[in-house]
Engineer: 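The structure under discussion is supplied below as structure tokens; questions concerning it will follow.
Throughout, a chain's letter reflects where its sequence line sits, starting with A, and its residues are numbered from 1. All values derive from a computational prediction rather than experimental measurement.
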Amino acid sequence: MSAAPEPRPSNFLRDIIAEDVESNKHGGRVQTRFPPEPNGYLHIGHAKAICLDFGLADEFGGHTNLRFDDTNPEREDLEYVESIKNDVNWLGFKWDGLYYASDYFGQLYEWAIELIKAGKAYVDDLTAEEVPKYRGSLTEPGKNSPYRNRSVEENLNLFERMRAGEFPDGSRVLRAKIDMSSPNLNMRDPVMYRILHAEHHRTGNTWPIYPMYDFAHGQSDSLEKVTHSMCSLEFADHQPLYNWFIEQLGIFPSRQIEFDRLSLTYTMMSKRKLRQLVEEGRVNGWDDPRMPTLSGMRRRGYTPEAIRNFVKAAGVSRTNGIVELAMLEHFVREDLNKNALRVMAVLRPLKIVIDNYPENQVEEMDAVNNPEDPSAGTRKVPFSRVLYIEQDDFREEPPKGYFRLSPGREVRLRYGYFITAKSVVKNDDGEVVEVHCTYDPTTRGGNAPDGRKVKSTIHWVSAAHAIDAEVRVYETLFSKENPDEVDEGGDFTENLNPLSLEVIANAKLEPSLAKAPVGGRYQFERLGYFCVDPDSVDQDSKPGKRVFNRTVALKDTWAKVEKKQKS
RNA sequence: UGGGCCGUCGACUAAUGGUAGGUCAAGUGCCUUUGGAGCACUUUGUCUAGGUUCGAAUCCUAGCGGCCCAGCCA
């Protein structure tokens, strides 16, 4: 038997790494890192970086560190580092080393002094307002700061006093002496250190000065002997600076490689704006199931496997594309279809009375737990005279192409009997509140001995045995493909979808769900995938009451047909 | 109008000078005790104009279009 054709390395990152391994660069060693700033929760965009950093290293027998880029104490918090660790683990990855940029503050400080001594860095007294003026513009070169040519001794003295905490915030900075006329703004004497009398979540008050990203990231990579430092495209302009510090310091030459961020339709990926949604109460926290955060998706019922498959399928390049949300949902359905247990649940109950079914009889019907997985077995579902079906599954006047229950029409109750609608009971508003049916006792289990067919099978629950549940049905958080697309002077919050959350308070579930664990994922037959929300544990006052989140709806061909008929 | 990066089906992504392929979406049919799933089939693409070459999505030139950069954020 011949082996399957060798799959070609399928993206440019893998090609670069494969080439380096091939040429025995760094002895064939591969070391990567995932470097989040702990200033928010991880989102699906980070999942791409995580899959790349960990996945590629793993493919080449390499290692991956988790490193917190905690150089700005004002926005960072321990809550975020804990959530990040949790999310990386949940996604299915294990880091080799766990580091913090703040671990390197001492070393970074020494390196800054080294650069000062070499005449490559200087203390600048320009104010925060003056610095940008001296920097020039996109089209005009900058000009040197009047403090640029201070002596090494003066710079050393000033920098040591900065470190000692003698100066107020913002009064001075340490800058690299490079080239104020460089076409790359990042090379116009970039700031290396700023004065910040702020308490750091790990180093406390030991440092009144903090290194900037550019003076911390490359060196941190270098200290960890990172061979391939992958980051997103907007850092491409920083690469010359990344290399400059490494070269001036003569340290391990980590290499930065940029790739495109993941963008999704109907999804906001800016951490700043996500934080705004949380702080303004537009959503119920970072883990609101409508959020694109990993914690939100976890709560929504997305699986790590589905997210990984999606990220892999979406691929990586250097273009600025937007992936359709439908693609993510496809991989969520694909995974859940294989693994989620099937159950029957009625979201909007309509009472059905089977007039010719014995009053006090209860039958236990056999139901398949997962048609995709015979090993999942079967379960018993109670059947009785009074049932609930979905309101959508009955129409007094059925439109063309409608196969479900309507007066005189016979349909199959899943795992039950064939029933025929006979009459309806209406309320004062003329709404159908009860449907009276008859059943054919010879069709138990769903087959007619005479071989007659029905066009539709609908789900149901026994009214006497059903348990109550609250079901939260989600739509996209934003009603525009691009949430940032707003009119002049507008704000992205205008694009928030007012229908993104619908709470159904009185859904009816088959009794087996009474013991569904928090986080448990199910397919409600014909409706979609749902999972048990953590809020269910607060239901002590109402034993058996559950809260479910709709993860994603099933593909609905009838809905599509109906929509088309309307238009 | 400085510099950097990038333009392949509706979306994402392969093809590394030699058959433009895959996934999602869309559509058609089959099947079905979920109008689910599955199976089969179909539609649509190399930004434009030149050039090099036996041969160009790929290399060159010019244009056009998009994204990023002027934080003491990352």
Engineer: Just say parallel, tilted or perpendicular for the rings of A/Y210 and A/H200, cut-offs at 30° and 60°.
Structural biologist: parallel
Engineer: Suppose you measure atom P in B/G21 against the same atom in B/U44; what distance do you get, rounded to whole Å?
Structural biologist: 12 Å
Engineer: With sequence neighbours excluded, tell me which residues meet ring pair (Phe, Tyr, Trp, His ring centres under 6.0 Å) with A/Y104.
Structural biologist: none
Engineer: Roughly, in whole Å, what's the span from CG in A/L138 to C1' in B/C68?
Structural biologist: 11 Å
Engineer: Name the orientation class of the two ring planes belonging to A/F530 and A/F524 (parallel below 30°, tilted from 30 to 60°, perpendicular beyond 60°).
Structural biologist: parallel
Engineer: Consider side chain to side chain contact (heavy atoms under 4.5 Å, CB included). Of A/E79, A/R275, A/K271, which one does A/Y41 pass it with?
Structural biologist: A/E79
Engineer: So if I apply the side chain to side chain contact (heavy atoms under 4.5 Å, CB included) rule between A/S456 and each of A/R409, A/E410, A/R404, A/R412, which one comes out positive?
Structural biologist: A/R404
Engineer: What distance, rounded to whole Å, do you find between the two C1' atoms, one in B/G66 and one in B/U8?
Structural biologist: 15 Å
Engineer: Output the rounded distance in Å from CG (A/L233) to P (B/G66).
Structural biologist: 17 Å
Engineer: A/I322 near the nucleic acid: base, sugar-phosphate alone, or nothing, with a heavy-atom cut-off under 4.0 Å?
Structural biologist: sugar-phosphate
Engineer: What does A/R342 touch in the nucleic acid at a heavy-atom separation under 4.0 angstrom: a base, only the sugar-phosphate, or nothing?
Structural biologist: base
Engineer: How far does the C1' atom of B/C41 sit from the matching atom of B/C31, given to the nearest Å?
Structural biologist: 15 Å
Engineer: Examine the base of B/G38 for any acceptor or donor lying under 3.5 Å from a partner atom in the side chain of A/E372, and report the outcome as yes or no.
Structural biologist: no
Engineer: Would you say whether A/W558 stacks on B/G35? The test is a distance between ring centres of less than 5.5 Å and an angle between planes of less than 30°.
Structural biologist: yes
Engineer: Show me, range against range, the stems involving RNA chain B, built from at least 3 consecutive Watson-Crick or G-U pairs below 3.5 Å.
Structural biologist: B:2-7 with B:64-69, B:10-13 with B:21-24, B:26-30 with B:38-42, B:47-51 with B:59-63
Engineer: Is the side chain of A/H43 donor-acceptor paired with the backbone N or O of A/M269 at a distance under 3.5 Å, no angle test?
Structural biologist: yes
Engineer: With a 3.5 Å cut-off and heavy atoms only, can you find an N or O donor on one side and an acceptor on the other between the side chain of A/D237 and the base of B/G3?
Structural biologist: yes
Engineer: State the syn/anti category of B/G71 according to its glycosidic angle, syn meaning within 90° of 0.
Structural biologist: syn
Engineer: Find the distance A/L264:CG to B/U13:P and express it as a whole number of Å.
Structural biologist: 12 Å
Engineer: Quantified in whole Å, what is the P atom distance between nucleotide B/G27 and nucleotide B/C60?
Structural biologist: 42 Å
Engineer: Let me know the distance between CG of A/D15 and C1' of B/U13, rounded to the nearest Å.
Structural biologist: 13 Å
Engineer: Would you say B/U13 has OP1 or OP2 under 4.0 Å from some side-chain N or O of A/T319?
Structural biologist: yes
Engineer: So what does A/Y402 hit on the nucleic acid, given a heavy-atom distance under 4.0 Å: a base, only sugar-phosphate, or nothing?
Structural biologist: base
Engineer: With no hydrogens and no angle check, do the side chains of A/D70 and A/S102 hold a donor and an acceptor under 3.5 Å apart?
Structural biologist: yes
Engineer: Does any N or O donor sit under 3.5 Å from an N or O acceptor when you compare the side chain of A/R526 with the base of B/G35?
Structural biologist: no
Engineer: Just checking A/H238: base, sugar-phosphate only, or nothing, at a heavy-atom cut-off of under 4.0 Å?
Structural biologist: base
